[in-house]
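Structure first, commentary second.
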Amino acid sequence: MRIDVLTLFPEMFESPLAYSILKRAQDEKIVKIVLSNIRDFAEGKYNKVDDKPYGGGPGMVMMPGPVFECFEHVQAQSAEAGKAILLSPQGERLNQQIVRRLSSQKRLILIAGRYEGFDERIRIGLDAEQISIGDYVLSGGELAAMVLIDAVVRLLEGALGDADSALDESFTDGLLEYPQYTRPEVFCQMKVPDVLLSGDHAKIAEWRKKQSLERTKKKPAGLT
Ligand code: ADE
């Protein structure tokens, strides 16, 4: 998979992409992540990327020109056309179902905005899907893009060390994950449930399913 990110702050992505699963997935060519600076495509002496909103109002709006130029530039870098995704609080709220759909694509082009938002013609002209990572407002789309990248890349074949661990976890079957325990057997007077020490695999599976169902009942929004 190839993921392009169009942003005014490519440096923000360096650290999250340099560790653990995201690093390994890039090293092993499971994913190629290409960062592009929208400002490099701005015109004029000051490389202006934002301007005042028509009709007045507070804040600044991302201009369509630099975003379009940047998008066309990266789109042309690969024969595989990428789908444009705008990170925005106005988008559809990200969930595991959307993550799965995106992880099946060959290419994504994420656009992270700053300021009060994007000129509407960016969304229309690029036929962009809008995605939000939650009902709150961030200072920009970069952190949202990183969340999306992390969730998508870990589903790519080979990205996780243990091939099974993406299958057996929260949300994959619509249920939240059961409680997990590791050593020591007793910690601060809290003991690992006996069933997990029993070696009876059928009983363990039954206990885990019951725990998953109970957790999901308590947090119905987890059913996605
Ligand atoms: N940009 C600002 N807030 C955002 C959010 N909640 N999700 C995605 N992009 C954003």
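Atoms within a ligand are numbered from 1 in the order they appear, just like the ligands themselves.
- Side chain of E14 to main chain of P10: no donor-acceptor pair is present (N/O by atom type, distance under 3.5 Å, no hydrogens or angles).
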Any protein N or O within less than 3.5 Å of an N or O in ligand 1? List each pair with its distance, or say none.
{"residue": "ligand 1", "atom": "3 (N)", "partner": "L138", "partner atom": "N", "Å": "3.0"}
{"residue": "ligand 1", "atom": "6 (N)", "partner": "G134", "partner atom": "O", "Å": "3.1"}
{"residue": "ligand 1", "atom": "6 (N)", "partner": "Y136", "partner atom": "O", "Å": "2.8"}
{"residue": "ligand 1", "atom": "7 (N)", "partner": "I133", "partner atom": "N", "Å": "3.0"}
{"residue": "ligand 1", "atom": "9 (N)", "partner": "S88", "partner atom": "N", "Å": "3.2"}

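- Although no hydrogens or angles enter the test, the distance criterion places a donor-acceptor pair under 3.5 Å between the side chain of R107 and the main chain of Q75.
- Ionic pairing of K209 and E206 is not present here: no N-O contact between side-chain nitrogen and carboxylate oxygen is shorter than 4.0 angstrom.
- Ion pair E142/R114 flagged as a salt bridge, since at least one NZ, NE, NH1 or NH2 atom sits closer than 4.0 Å to an Asp/Glu carboxylate oxygen.
- Checked by atom type, the side-chain pair E69/H73 shows no donor-acceptor distance below 3.5 Å.
- Applying the salt bridge (Lys or Arg N to Asp or Glu O under 4.0 Å) definition to pairs two or more places apart or across chains, those involving residues 83-99 are R93-D135.
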